[in-house]
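Keep in mind that what you see is a predicted model, and the values were worked out from it rather than measured. Just so you know, these numbers use all the heavy atoms, side chains as well, and skip hydrogens, waters and symmetry mates.
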Amino acid sequence: MPGKLSRQKRKQSSLQGSGVRRWMLSKGMTYCLAGAATAFSGCAYTGGVKDYIHNGFKVGPNYAKPAAPVASNWIDDYDDRIKDELPNYGDWWTTFNDPILNGLMEEVSQQNLTLKSAGLRVMQARYVRSITAGSIFPQQQEAFGGYQRTQYSNSIATGLLPRNTDLFKVGFDAFWELDAWGKFRRAIESADASLDASVEDYDAMLVSLLGETATAYIDLRTAQERLRFAIENAKIQQGSLKIAKARNNAGAVSKLDPTQAETVLANTQQLIPLFESQARAANNSLCVLLGIPPRDLKEELGDGSIPELPADLVVGIPANLLRRRPDVRAAERLVAAQSAAIGIAAADLLPHLSVTGSVSLNANEFSNLFKSSATAGAIAPGFNWDILNYGRLANNVNLQEAVFQDLAVQYQQKVLSANSEAETAINNFLKSKERLIYVEKAVDASKQSVDLAQIQYNTGSVDYNRVFNLQTSLVSDQDNLATVRGDVARSVIATYKALGGGWEIRNGTRNVSARVVEQVPVPPAEQVGPAVDGAEQQPEVKSQAKPKDAEAPKVVPPKAADGGDAQQPKQPATETAPALKTGDNSSGVSLPRVSLPEVIVEDL
């Protein structure tokens, strides 16, 4: 009896154990997945189920362009010389009506080495995007094959187990982490935005280089004009010195007159090497911008004057800065890339669903390897869930959100700086034009005064001290005239650079016949970098997520001096940014051709 009861207890215990195992397999897994779904629906980092479905089965926020504070009109909008019409951004340098400058700008856009480096970085971003896009497919695929011959010892081999065996095998393994939470799709979004940012960086580099080229050219012409004034004045002063020496030799004046004449002549002559040095520095800067070793460009550029100065500026409206300036657009694209990084980090909080599979052919004889009986395979769905991470994953989401907020503020600061740069350049243009009026009057008066004083000195009506002072003033006034004319031209360049003009030059067909400076030899295209035939069309970015605490300040309308409302600004002109196209490039480096996604602008 005791033995029989013992057997019954053991049987009952076994039945209870098998019941627990069945419950764990059926109910336990169900409760576990239900708990995961509950945690997912209430998680502050991943969002709710509705958000997950609305975002296209992706966790994390959808991107919305941050609001940016932009003035409604320019500070100097009241001035008639400031036009709010749509300017000709694409070739703003043509306002100077200088064919040599036009040719230089074309050459720099094709030959500059820094610009080529930026173009290669665009191609690097394209390859990174392509690599990222591949991660959405099975991450590991491996084909394998082999042959194995085994010889067992005589003590192990029996009649049932042959001593020598052969094994032929060939097959394919794959591992695929499913993109259930949108982790890989968010990575593609981030790569798309980073690619767009690299294109904008290329355009920003082009805008900067064109501005530097025009500035260097104006510096060269300014130095040449100052040099001509100095040489002309030195010739006049040499004549005055001869007259003073002749009158001194005749006993009509003391030796003070020729010594004063020598003083003013020497002071003028010492300016000549200074201006020659400035002209050489501008010449060398142009060589570097053109991508050629420094050499004298006098044969190509000649000895000219400062180009014709425009009477007014066509600048559009401040809001165009958001669409025009590549560096502003690049900053916005970095914000978009970081927005997707939040979703990538949030996906790590959830289970990683995966499928592992294998298909193979196995046979002891090669003749049987490809028969249906040799087929073998396995499939193993599963998941991995980092549940004990001690807050590392959640804090990583917080980190990515903080970086997003930081980049959003940097974008807004970039817009403010762009607005400030444009306002400063516009005001410099207006004030330089005003200065130019008075400087030109001063030069005319100084020239007349020198001529009259020279005549009166020759007749003995005045002493040489009057001539000395007036000739010194003329040298200063004419040098100031060339300087102010250069300042006006530089303010025009700074204005259009601040407005983001010039990058459109890579969209048009370049006039090769207008070549000014011979291009530096470069390696063939296959040595410089692989040419890209095309680019993927970027998806439209939907707007949902918004940076926190990044509100744009309100713009208070200006008041008139009498306390009433200020005059209403002129109706602004708007524009649509042109699509990016591939420009011709004789150097062999393909220019970027990327279609930027249209971003919906929403206020915070």
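Under a cut-off of 6.0 angstrom, the local environment of CD1 in I75 is sparse, with at most 12 non-hydrogen atoms contributed by other residues, nucleotides or ligands. Within a 6.0 Å sphere centred on NZ of K414, other residues, nucleotides and ligands contribute 12 heavy atoms or fewer.
Closest of all the heavy-atom pairs between V122 and S198 is CG2-O, 3.4 Å. In plain terms, the two heavy atoms of L286 and L297 that are nearest each other are CB-CD1, 4.0 Å. Taking each heavy atom of V288 and N112 in turn, the nearest pair found is O-ND2, 4.0 Å. Considering every non-hydrogen atom in both V328 and A418, the closest pair reads CG2-CB, 4.1 Å. Scanning both residues, P69 and L416, for their nearest heavy atoms gives CG-CD2, 3.6 Å. The shortest non-hydrogen separation linking I136 to W176 is O-NE1, 3.3 Å.
Shown here are the salt bridge (charged side-chain N to carboxylate O under 4.0 Å, His left out) partners of E421, two or more places apart in sequence or in another chain: R325. With sequence neighbours excluded, the residues satisfying side-chain hydrogen bond (donor to acceptor under 3.5 Å, both in side chains) with Q410 are D406.
T94 contributes a side-chain N or O that, together with a main-chain N or O of D91, makes up a donor-acceptor pair within less than 3.5 Å. In terms of modelled atom types and a separation under 3.5 Å, the side chain of D84 and the main chain of V314 share no donor-acceptor contact. Looking at S194, its side chain does come within 3.5 Å of a backbone N or O of S190 through a donor-acceptor pair. N395 places no side-chain N or O within donor-acceptor distance of the main-chain N or O of N398, the cut-off being under 3.5 Å. A donor-acceptor contact shorter than 3.5 Å links the side chain of W503 to the backbone of R324. No donor-acceptor pair under 3.5 Å is formed between the side chain of Q278 and the backbone N or O of A223. Looking only at distances, a side-chain donor or acceptor of W74 sits under 3.5 Å from a matching main-chain atom of G316. A side-chain donor-acceptor contact under 3.5 Å links Q338 to the backbone of Q400. Listed for the R506 side chain is no donor-acceptor partner under 3.5 Å among the backbone atoms of S109. Side-chain atoms of D76 do not come within 3.5 Å of backbone N or O of D79 as any donor-acceptor pair.
We find that R81 and D312 are not joined by a salt bridge, their nearest charged nitrogen and carboxylate oxygen being 4.0 Å or further apart. In summary, D201 and R121 do not engage in a salt bridge, as defined by a charged side-chain N under 4.0 Å from a carboxylate O. E332 has no carboxylate O lying under 4.0 Å from a charged side-chain N of R329, or vice versa, which leaves the two without a salt bridge.
If you take CG on D179 and CD on Q139, they are separated by 9.0 Å, rounding to the nearest 0.5 Å. Rounded to the nearest 0.5 Å, atoms CG (L113) and CG (L209) are 10.5 Å apart. Rounded to the nearest 0.5 angstrom, L206 CG and Y202 OH are separated by 6.0 Å. With rounding to the nearest 0.5 angstrom, the CD1 atom of I493 is 10.5 Å from the OH atom of Y217. Distance CZ/F429 to CG/D487: 12.5 Å, rounded to 0.5 Å. To the nearest 0.5 Å, the span separating NZ on K431 from OG on S491 amounts to 12.5 Å.
A heavy-atom distance below 4.5 Å is found between the side chains of T114 and M205. Using a 4.5 Å cut-off on side-chain heavy atoms (C-beta onward), K65 and Y411 make contact. Between V335 and Y63 the shortest side-chain heavy-atom distance falls below 4.5 Å. Contact annotation: the side chain of W181 never approaches that of F57 to less than 4.5 Å [non-hydrogen atoms, C-beta and beyond]. Counting heavy atoms from C-beta on, the side chains of L210 and I505 come closer than 4.5 Å. Two residues are said to be in side-chain contact when any heavy atoms from C-beta on lie closer than 4.5 Å; L353 and P351 meet this criterion. Counting heavy atoms from C-beta outward, N73 and I317 have side chains that stay 4.5 Å or more apart. Residues P307 and W93 have side chains not in contact (no heavy-atom distance under 4.5 Å, counting atoms from C-beta outward).
Remark: the R185 side chain and the N55 side chain contain no N/O donor-acceptor pair separated by less than 3.5 Å.
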Test side-chain hydrogen bond (donor to acceptor under 3.5 Å, both in side chains) on E423 and N427; report intermediate values, then the result. CA-CA 6 Å; E423 291 280 10; N427 187 258; over 6 Å; no
Can you list the steps and then say if K58 with E189 is a salt bridge (Lys or Arg N to Asp or Glu O under 4.0 Å)? CA-CA 12 Å; K58 293 180 289 187; E189 289 179 10; 2.5 Å; yes
Please lay out, stage by stage, how L313 and K83 fare under the test side-chain contact (heavy atoms from CB on, under 4.5 Å). CA-CA 6 Å; L313 282 179; K83 310 295 183 182; over 6 Å; no
Checking E200 against D327 for the side-chain contact (heavy atoms from CB on, under 4.5 Å) test, could you report, in this order, the C-alpha distance in whole Å, the side-chain angles of both residues, the deciding distance, and whether it holds? CA-CA 6 Å; E200 302 301 349; D327 58 336; over 6 Å; no
Worked verdict on F383 versus S354 for side-chain contact (heavy atoms from CB on, under 4.5 Å): CA-CA 6 Å; F383 72 92; S354 61; over 6 Å; no
Pair N320, L499 - check side-chain contact (heavy atoms from CB on, under 4.5 Å), show working. CA-CA 8 Å; N320 287 339; L499 295 175; over 6 Å; no
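Residue R490 is tested with N428, D219, T495 for a side chain to side chain donor-acceptor pair (under 3.5 Å); the sole match is D219.
Ring-plane geometry between Y496 and W92 is classed as parallel, the angle between the planes falling under 30 degrees on a 0 to 90 degree scale with a further cut at 60.
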